[in-house]
2 protein chains.
Amino acid sequence: MAEREVDRSVSQTVKAQLALRDQILSGVLRPGERISELQAVETTGASRTPVRMALVRLEEEGLLEAIPSGGFMVKAFSERDISDSIELRGTLEGLAARFAAERGVSARELEPLKECLAAIDELLRQVPISVDSFSSYVTLNARFHALLTELSRSPPLIRQIDRASALPFASPSGFVMAQSALPEAQQILIIGQEHHRVVIDAIENREGARAEAVMREHARLAVRNLRLALRNRTHLDLLPALALIKTATD
Amino acid sequence: MAEREVDRSVSQTVKAQLALRDQILSGVLRPGERISELQAVETTGASRTPVRMALVRLEEEGLLEAIPSGGFMVKAFSERDISDSIELRGTLEGLAARFAAERGVSARELEPLKECLAAIDELLRQVPISVDSFSSYVTLNARFHALLTELSRSPPLIRQIDRASALPFASPSGFVMAQSALPEAQQILIIGQEHHRVVIDAIENREGARAEAVMREHARLAVRNLRLALRNRTHLDLLPALALIKTATD
DNA sequence: TCGACTGCTATTGTATACATAACGTATTCA
DNA sequence: TGAATACGTTATGTATACAATAGCAGTCGA
């Protein structure tokens, strides 16, 4: 056996978790496929104990499923699972927006959100948007959603939203990328940005119901567009959902 | 050291997880307290590997918190954390009810729910309700909520609701028990039962918005009553939230 | 007397050896 | 020829040994 190269900069458990997640999301491990501990030990370079810890964490994260007779397999998702996950996240973000509005947010706390908004506005001014700008958009959008979640000041809710975002297709970046496969991508991004603008306005004016409603609409839009994107699969490589979709006839 | 008694009927990991959870919820381990692996090994009877697996799972469950420098501590919750968790669960159950209503549910699927409803009606006819009946109520209520969740037919949502219910005070049984500490407990149970009746009716008539609204109201009622119950702490032993509430001045 | 540095101890992180259970294959009997 | 059982192999579950780090205490120096 090859010598074990030990990287002490991060824990072996974390290293194994990252490596395995990458294998799952990149499609190296197919949905439904059983994960062999021994094989994972070889590909990650960690020993069995941290690998097992990583497997348990990935199961909790929702990427793996425990097999009753022992071991784990890569979880397979149906298209509906995916759209439900997005709507679920939208619902939670809606609650976060409502909490933020009802509990009040200082101008100072809102500042980073507005900066984010302005930066996205700047990007969207380009027609058509460049590839670089699009990738900046993905980052800024993720940041916007994270900041908004924080505004709720509710640790249990923030935690739950984080977990709901663990699935790549349910993360803000994930569904933006999926939408980019559509011809009307730019128009979609502009509508999304409008939602962002409305939710900030609603929070500022302490309109909880309106803040919640717009975030839910935001997610419903994402669901519709993901459905479309899955129909005409033009930019397959941009769809992080694909690696996890059930291939079985089921 | 005492001989290791090995119970082969359940896995050591599960045994350790149950034992540790019990210690946390019963208050043997105080909020904020660090959990020593060695100590956990002694009290659970499992060895370090399954104990560590159990600790990871309990962290994911939300009962423990990882300490940056290593190890785990019992998570401490504020009163707001608790009420937020309940509202969070209500929001998710609202979405489940909406899904059930919008996607349609056959009369046959609704049957168990209605049986549950009728059984609770029977119990509530007693004035005042007996202790035995109350404990039946807790079971039936938990069953009702579980069945309702299932009706959504959305595995991701069901999964998320399960996780949101992992915290004892956020589970249906938990907050019913908390409410029982109030003098107007019976009246509260009757209002809750009315909510149950409305949600079934809304699902039958495919009124998604109404189904969702009533479940959210259901949770908001629970939040209000939990707050009251925490004020006049009459039946402390019935409040599963207490073991986890921050004692620190914070 | 206070602060800093060094060494020790205790606890966690990691690796591996051992036990056990499950699955697959081959052989035998009906 | 097919089915069932037994045996062997492989993989997971468990235990424990080893390594490394963090925290604490004690001592020495300023």
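Just so it is clear: chains get the letters A, B, ... in the order the sequence lines come, proteins before strands, and each one is counted from 1.
In this structure, the CD atom of A/E37 is 14 Å from the P atom of C/dA15, given to the nearest Å. Between the CE atom of B/M73 and the P atom of C/dT12 there is a distance of 14 Å, rounded to whole Å. Rounded to whole Å, atom C1' of D/dT10 lies 18 Å from atom CD1 of A/I35. Rounding to whole angstrom units, CG of residue B/L38 and P of D/dA15 are separated by 14 Å.
Take A/S106 and apply the side chain to side chain donor-acceptor pair (under 3.5 Å) test, not counting sequence neighbours, and it matches A/E109. Every ring pair (Phe, Tyr, Trp, His ring centres under 6.0 Å) that B/F144 has, sequence neighbours left out, goes to B/H196. Not counting sequence neighbours, the partners of B/E61 by the salt bridge (Lys or Arg N to Asp or Glu O under 4.0 Å) test are B/R21. The side chain to side chain donor-acceptor pair (under 3.5 Å) search around A/Q23 returns A/T43, not counting sequence neighbours.
When only modelled atom types and interatomic distance are considered, A/S154 and B/R80 share no side-chain donor-acceptor pair under 3.5 Å.
DNA chain C is contacted by A/S69 of residues 54-72 of chain A, taking any non-hydrogen atom closer than 4.0 Å.
With D/dT14, D/dT12, C/dT14 as the choices, the nucleotide that has an atom nearest any side-chain atom of A/Q12 turns out to be C/dT14. Residue B/A46 places its side chain closer to D/dA15 than to any other of C/dA17, D/dA15, C/dT12. Closest contact between the side chain of B/S36 and the listed nucleotides C/dA17, C/dT12, C/dA15 involves C/dT12. The side chain of B/T49 lies closest to D/dT16 when the candidates are D/dT16, D/dT12, C/dT16.
For residues 159-168 of chain B, the pairs satisfying salt bridge (charged side-chain N to carboxylate O under 4.0 Å, His left out) are A/E60-B/R163, with sequence neighbours left out.
A/E37 has a carboxylate O that lies under 4.0 Å from a charged side-chain N of A/R48, or vice versa, which qualifies the two as a salt bridge.
Look at A/R52 and you'll find a side-chain N or O under 4.0 angstrom from OP1 or OP2 of D/dG13. Residue A/T13 places no side-chain N or O under 4.0 Å from the OP1 or OP2 atom of C/dG13.
Heavy-atom nearest nucleotides on DNA chain C were determined for A/R34 and for A/R48, and the one closer to the 5' end corresponds to A/R48.
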